[in-house]
Amino acid sequence: MTQYILRRLLLSIPVLFGILIATFAIARLIPGDPCTAALGERATQAACDAYNLRMGLDEPIYVQLGIYMRDVLTGNLGDSIRFSRPVFTIIIEKLPVTLELGLAALTLAILVGVPAGILSAVRRNSKVDVATMVAANIGVSMPVYWLGLMLAYLFAVLLRDTPFWLPPSGRLTAGLSSIPFYRAWGLPISDGTFGFPIFEFLSNLYILNSIITLNFKVLFDTIKHLILPAVALSTIPMSIIARITRSSMLEVLGQDYIRTARAKGLRERLVVLRHGLRNALLPIITIVGLQVGTLFAGAVLTESIFSLSGVGRSLFDAITGRDYPVIQGFTVVIAVGYVIVNLAADISYAFADPRIKLD
Amino acid sequence: MPAKSAAPNGNAPILEVRDLKTYFFTEDGVVKAVDGVDFYVKHGEVLGLVGESGCGKSVTSLSILRLIDRPGEIVGGEVFFEGENLLDRPLDSMVDIRGDRISMIFQQPKSSLNPVFKVGSQIVEVFQIHDEKMDKAVAWEKAVALLKRVGIPDPESKAHAYPHQLSGGQAQRVMIAMAMALQPELLIADEPTTALDVTIQAQILDLIRELNHETNTAVILITHDLGVIAEMADRVAVMYAGQIVEEVSVEGLFKNGLHPYTQGLIKSIPVLGSVQEQLNTIPGSVPNLIDLPAGCRFASRCPARVEHGLSICEEHMPNLLEVAPGHEVRCWLYEDAAGHTAPLKPGKGKKKK
Amino acid sequence: MTATDTLAAPPQAVKSNSLLQLTLRRLFKQRNARAGAVILGFLILVAIFAPAIAPYDPTLSLLDIEPVTIRQAPCIHLLGCPEDQAQHLMGLDGNARDQFSRVVYGTRISLFIGFSTIGLAIVAGTLLGAIAGYAGGWVDNVIMRTMDVLLAFPSFLLAIAIITILGRGLQNALYAIAIVNTPHFARLVRASVLSIKEQEFVAATRALGASAPWILFRRILPNALPPLIVQGTLGIAGAILEAAALSFLGLGAQEPAAEWGTMLGRERGQVFTAPYLVFYPGFAIMFTVLAFNLLGDGLRDAMDPRLSQVSKAK
Ligand SMILES: Nc1ncnc2c1ncn2[C@@H]1O[C@H](COP(=O)(O)OP(=O)(O)OP(=O)(O)O)[C@@H](O)[C@H]1O
Ligand SMILES: [Mg+2]
């Protein structure tokens, strides 16, 4: 087992290096001069030379790559050109927004997608199955930004003045604010305290923060704001998960050991849930891992529709604003996150499937 | 001395299958996998069910437990078990029969065990399904004892093994342990040894026979190996293309098999010690179960039909008739009909071979 | 054994003809696939006859031509809109252009995007995959590790990054989408090449003096075709969706092109006041993508039930 995990870890190292090289290349290939981007159009040649020297931009490209790798590996992601703030700080601020949204969407996708898929498989060719699969087909064909806009119109405009009204943008109603747990508890933590970024990061997860500080007003408000974007974002993964669950379940239900379970006298419900689902989950784990990519892509669009200032939207703004330290930093974080999540999926697969241990 | 339930009256069979029909409604047409099967099993008896691949042996056995899945469906017949027609039961309540009073072991032991559960827990499950109050630790102990009983070395630790860590023979022993856990009245063994190598085969068969003797469990032993039948069975039902063509005691089968198909099967057994030029096999193959011929299903391959110049064979289906006490056969050689006189009577048939 | 295997090869090639028939028959037995094919046929007709269907020039502002205002609500005579007003089934957009005509013309762009990007990706992926699989060794390693890295990025973000390098615009968006789709096809073709390389009949054909490229195209590609078609059809669905999203963000097709994503992006701020300007283009995107998804799914089931595992292959 340990061996398997180690091998998988080792295998992802070249991919991680590839990602570093690719992000470096992307940032350098973006047209436009970083100096004018940083110092403005009217920067003098001398000022630019000084800037390039400071940033190592006068070095040969491979030296720059070396510097870049060293910096990333030591956790130094540089400073944003537009905001003159460390990229790292920006990530600490934006990542929780996306994480909260993504986790909410993924949870929703799994909680709806898996049971829908099971039901479809068990009642294959029934009306339920046909309806679910039609819905899933529409779901994977959904432009999430369109769905987001339509949901916003429906819940914020058409259902205004009803109990179903939901806010169409932002994380919190104006006037409410989420008080970081360390401040609510009066802990002596401030910018500069050791480990401050971690506290800041955790307190920016509003749901977590409001639960541990027992601030239910903020909690409900956060959830209310999260519903529409999370529903929009979850549509595609939910549909994909439902379809995979169905086909995986169908395959498993045709296996010999299912017949054995029935021959033992096990009730059909348990045959499906205990013997079927446990095996059908294996491919679902992999698919859920892969959905994280879809979620990141969807986050760019969803955050833009619902005015959430998360990683996706910031990255998009950075690209249009040629803020390449931010582009590099965010891309690295996203890609590494993606690789790690898929690694985690592979490893949980190994835990879930006893057969992996041998090979 | 039956293991459980009140002693049945006299020699009434424990299981009687009458005119069972199981069809598969596929895209290409209706596959009549089982098309009017009749046989019975007496208490404590081993009934051999033989026939070549695809003739419907597995579908028959699955139908008894009503384990037929779509697109298959049991479309007719009766399955009397201890006097009760199982096909009349609500499907939900079949779980009280399965695994407890009738249990089954399958052709592919390794794939018949769930790969993600320990074999011990898979046996424990049988106890817990049928006795919800049973303590997990007690059940586990019983499972280990069963593993020991079926000859698994080091059962304590093997109970913690996953199916992929077992050999095929061990997996089949586990399956048998599972099937015998609740001392069923009837065990259906569907080609339990086909996937195993010869020495293991003998051991598994010995095990089944021991269990049959010890607990008086009746056994339906499905196989296409007449050697196994000779060794294990008390009576034999020969199946061809979804029907029983002959039903007789095992001695009767080898001494006096009447149906031309049975005779062909017997001839195709390699004789130990004598070098045969070529293994005698029955020419041709099983008819397509979708477009079945009108008459006898064996007609197209039947050497006796040609020999006796019978035309009725291709037109009308013969009936399964009792030609001697305990000996039934489905063949125009032994049956009279309007405009047809059986060329062989059982008496003559006996002399013929 | 070898002899029979070699003998068995030619009939396999012959079989592919009936395989095609079998596939088509199985395809049209499925309700989903039939629905997909019907929708797609409809869209193709709309695209071809767009000039006849659309009542207005899709890029023409009607402000000085008819007595209209911008973002005017739909006027449908059947639904009681006064007969003396000009009919605008989906209203007018922010530039007072007839939205219905724009949605109709949008079919052309979207179908073009779908077919061209995936066509490009299939060509590139097939070449790369075939070279990698056939050459093996370091060539294989370089190509496939590059593909791995490309796949390590969420594809939409990678597409955005590529467009940032190449510059905005429909054409560059097409290249970006083609690039991010290439690795899937490369993997598919490589896997297929490897499995067929294993089979003896290639060795046998080679012994007869056939050249390597001949083997490649006559033997290997037909075998890789079914999964390519399936992946290709589903890929078109994804490509249309991604292209529309890029345009929505302002990175793809630019004004005044009648592209659905662009139309949506332009009017997104008006969703609360003029929802019809957002609804129709988005619905058109969904409808088109749905057609390809239904068809792709049907093809997958029709060609080989076991192919349903393809998408999860890592
Ligand atoms: N799910 C199914 N769908 C369609 N036809 C089926 C199905 N299951 C079985 N059949 C058909 O029923 C017939 C009988 O199958 P069965 O498995 O009972 O044969 P068998 O006698 O057990 O053969 P073997 O010795 O190979 O196990 C076969 O012709 C088979 O094609
Ligand atoms: Mg069988």
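Lettering of chains follows the sequences in order, A, B, ..., and the numbering in each one begins at 1.
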Derivation of the side-chain contact (heavy atoms from CB on, under 4.5 Å) call for Phe296(A) and Phe156(C): CA-CA 8 Å; Phe296(A) 269 123; Phe156(C) 187 61; over 6 Å; no
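- Neither the backbone nor the side chain of Leu250(A) comes within contact range of chain C, judged by heavy atoms closer than 4.5 Å.
- With a threshold of 4.5 angstrom between heavy atoms, Phe248(C) approaches chain A through side-chain atoms but not through N, CA, C or O.
- For Ala244(C), the parts lying under 4.5 angstrom from a heavy atom of chain A are both the backbone and the side chain.
- Interface residue Leu151(C): only backbone heavy atoms are found under 4.5 Å from chain A.
- Here the side chains of Phe279(C) and Tyr153(A) are not in contact, with every heavy-atom distance at 4.5 Å or above.
- When heavy atoms are compared at a cutoff of 4.5 Å, Ile138(A) approaches chain C by way of both its backbone and its side chain.
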If you apply the rule side-chain contact (heavy atoms from CB on, under 4.5 Å), what do you find for Val271(C) with Val157(A), and how did you get there? CA-CA 10 Å; Val271(C) 64; Val157(A) 179; over 6 Å; no
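- Interface remark: Val292(A) contributes no atoms to any contact with chain C (heavy atom separation under 4.5 Å).
- Here the shortest heavy-atom pairing between Ile19(A) and Val149(C) reads N-CG1, 4.1 Å.
- Heavy atoms closer than 4.5 Å to chain C are found in the side chain of Tyr338(A), but not in its backbone.
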Do Met142(A) and Leu290(C) pass the side-chain contact (heavy atoms from CB on, under 4.5 Å) test, and can you show the C-alpha distance, the side-chain angles, and the key distance before you say yes or no? CA-CA 8 Å; Met142(A) 191 65 77; Leu290(C) 180 63; over 6 Å; no
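- Using a 4.5 Å cut-off between heavy atoms, Leu301(A) contacts chain C through its side chain alone, with no backbone atom that close.
- When all heavy atoms of Gly282(C) and Pro143(A) are compared, the closest pair comes out as O-CG, 3.9 Å.
- Heavy atoms of Ile305(A) lying under 4.5 Å from chain C belong to its backbone as well as its side chain.
- The distance from atom CD1 of Ile334(A) to atom CG of Leu158(C), rounded to the nearest 0.5 Å, is 11.5 Å.
- With a 4.5 angstrom heavy-atom cutoff, Phe283(C) touches chain A via backbone and side-chain atoms both.
- For chain A, the nearby part of Arg31(C) is the side chain; its heavy atoms alone come within less than 4.5 Å.
- With values rounded to the nearest 0.5 angstrom, Phe316(A) atom CZ is found 11.0 Å from Leu157(C) atom CG.
- The CZ atom of Arg243(A) sits 6.0 Å away from atom CG of Asn293(C), with the distance rounded to the nearest 0.5 Å.
- Of the listed residues Ile240(A), Val15(A), Val339(A), Val140(A), the one with more heavy-atom pairs under 4.5 angstrom with chain C than any other is Val140(A).
- The distance from the CZ atom of Arg160(A) to the CZ atom of Phe272(C) is 8.5 Å, given to the nearest 0.5 Å.
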Go through the steps to decide whether Ile285(C) and Tyr145(A) satisfy the test side-chain contact (heavy atoms from CB on, under 4.5 Å), and finish with yes or no. CA-CA 11 Å; Ile285(C) 297 171; Tyr145(A) 42 96; 3.8 Å; yes
